[in-house]
Structure formats: C-alpha cells, structure tokens
Amino acid sequence: MSQADLQGRYAAVMMNAFGAPKRVFARGEGVHLWDEDGNRYTDLLSGLAVTALGHAHPGVTAAIAGQLGSLGHVSNFFASEPQVRLAERLAALTGDPGARVFFTNSGTEANEAAFKLTRLTGRTKVIAMEGSFHGRTMGALALTANPKYREPFEPLPGEVVFVPFGDEAALSEAADDRTAAILIETVQGENGVVPVPDGFLKAARGIADGVGALLWIDEVQTGLGRCGEFLAHTADGVAADLITLAKGLGNGFPVGACIATGRAADLLQPGQHGTTFGGNPVAAAAGNAVLDALEAGALDNAREVGAWLAAAIEGLGHPLIESVRGGACCWASC
Ligand SMILES: *Cc1c(COP(=O)(O)O)cnc(C)c1O
C-alpha cells in the first residue's frame, strides 16, 4: 500500500486532530524508520520523546512478547510480579524508602493522578509555570499554560495559578498556606526545550516547604535517561514529593507512573482513583526492560552522545543556529 493511498484513507476516516500525516511509516529499527514507499529516515523525533532506546529494541520487544505470552492482563484488583518489580525500581529512584507508585497509560493520566492526589492534602491551589505543558485531559490541561490549548475547553478545573518559569520572587509571592502543590518541568519540552534556570528547583523546594505545599516535578519528557539521568531533577540535588513519568518508560509501549514520596505517598486511599489498564503486566514488563537497558549503559551513552551532539551542532557555526538547548546536566560544556 503506497503512502498516498494510506494518506487518503486516513483523511477519510480519522478525526482531524493532527492535520494531514506527513509520512506513513511501515517499520523501524534502531535510529531508522522506513515509510510505506521504502524510503529510509534517521529518526530524530523518537516518537515525541518516547523511543529513546531506538525502534524494535530487542530487550524491550522480547520482554513485551514474553509477558503477553504468559500473562497479558489482570484487573488492578489483583497484582503481578512485573508490576511490583517496576514499582520498586521506580520508587527506589527517589531515594525515599517510603515512596509509592501509581501506574497509568500516559503522561496526561500520570498528571491527572498527581493532580487528584494534591486535592487530598485538603488544599486546592496549584501553582504551575508559564510555558508549561502537562497534557490534554481536563485536569492536565488546567495545568497547561498555552491559551491555544486551554481556551476552547474552558471552564477547566480551577485554582491553578501561573507564574513566570524561573521567577523565584513571583513564585514566592504566589505561594501561600492554601497552596497544595508547585508544579515544574525540569526542561519545558513542548515550550521549545527551555531548561529550568539554575537554582530555581532548589528555590521552589524551599518555597514549597515554607508554605507546606508539595513540590511536583513533571518528568514525563525529561525522565528515564533523556537528560542523562533517571530523573533529570536529581542532578540539581532536589527531592520532589510528586514525580510524573511516561514517554520513555515503555520505549513505545504505553505506560506512565505517578511517584509520591514522604507524606504524599500515603494520601491516596482505596476507591479514590483507578485505572483498568494502568500498570498491567505487559506495560510493566516494557518498563522493566527499559530500566534494564538504561542500567546496562544507555544512560551513560545518552550523556556522551548528548554532549557530542550539542558540541557538534554548535561547532557547525551555522548562521541559523542561535543556540543549543537541552538537559544541561549531561553536557560537559555547560
Ligand atoms: C507529553 C507530555 C505530557 C503528556 O503526555 P501524554 O502521554 O501525551 O499524555 C505531559 N507532560 C509533559 C512534560 C509532556 O512532555
């Protein structure tokens, strides 16, 4: 089937949520993709920050296929070994032995879980950043600053206040004893890859502690090795109360997680939140295989290749390249 044929069929049957697809892909391997007409591409988009280990990664593929062949799904009334193991490994990344995990299928759902959890503090105000992106469901959209995404769907869940990204004084002014949480991305990905200014996460930690609010870091795009660390914010020496993950966690298999530490870990009680698919055995097997690969050297590789790529692009001295931005934690030059 040619790309043109499939593009026509797509236009006739798919809701027009994404515009016309530029390519129709047939397969992928490592950093390469092939379209339906047999053209090969180097994939620098990685499925929007998802396939960080490359397409058709053998470890992830084997884990998913193996798990699906033995136990594909059980209800969350029950549990499975891969799920418990993945939760233990994610919780351990925080360094807090009391950390707890809630699994989801996507980033926006991880943020919904965290948002609901903040309400259980008894407070309702959340401070988010200008330029933020946290997802498309109603709660996550309420936390997303871009008016283009928000306005057609208002009214959204309330009491979300936006302050300029990196503005310590504005954050300090906005934070009060009604504030449930302060929500920050370590690098604002959708906003054009804007790293958090130096010292801002530490300042936010202090401000959150000062008013008794939770510090919530959205690592949906930055986590799992994409900035050279399991969790990018740990490079700043900051501990978060809530961490949300998704994109890279399953290397393409849909899986997300909301991790809570300290007092936030015990807020959620039976019946208050749920999911049919979240953290099912196959999703968990994918997550475990990704963590295996990161531990086996992919994390170091991300740091090395990140630094090399940044230097190489800067070295081009091309007049159209103004600067190179990214997760500064992994770049020797920063
Ligand atoms: C992509 C993204 C989300 C939303 O994730 P989905 O899986 O698309 O729902 C949330 N937060 C950040 C920082 C993201 O980059």
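Atoms within each ligand, like the ligands themselves, are counted from 1 in listed order.
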Ligand-residue contact atoms, ligand 1 with N111, heavy atoms, under 4.0 Å: 10 (C), 11 (N)
Electrostatic pair D209:R205 at N-O distance under 4.0 angstrom: yes
Under-4.0 Å heavy-atom contact with ligand 1, by part of L48 that carries it: neither
Note: D176-R123 ion pair, threshold 4.0 Å (strictly below): no
Over-ring placement of R23 relative to Y41, 6.0 Å and 45° cut-offs: no
Short N-O contact, R85 and E81, less than 4.0 angstrom: yes
Top protein contact for atom 1 (C) of ligand 1, by heavy-atom distance: K247 NZ, 1.4 Å
Closer than 4.0 Å: a protein non-hydrogen atom to atom 8 (O) of ligand 1: no
Test of proximity, G107 against ligand 1: N or O pairs below 3.5 Å: yes
Charged N-O contact under 4.0 Å between K202 and E168: no
Closest contact, heavy atoms only, A110 versus T244: O-CG2, 3.3 Å
T108-ligand 1 polar pair, N/O distance under 3.5 Å: yes
Any N/O pair D218/ligand 1 closer than 3.5 Å: yes
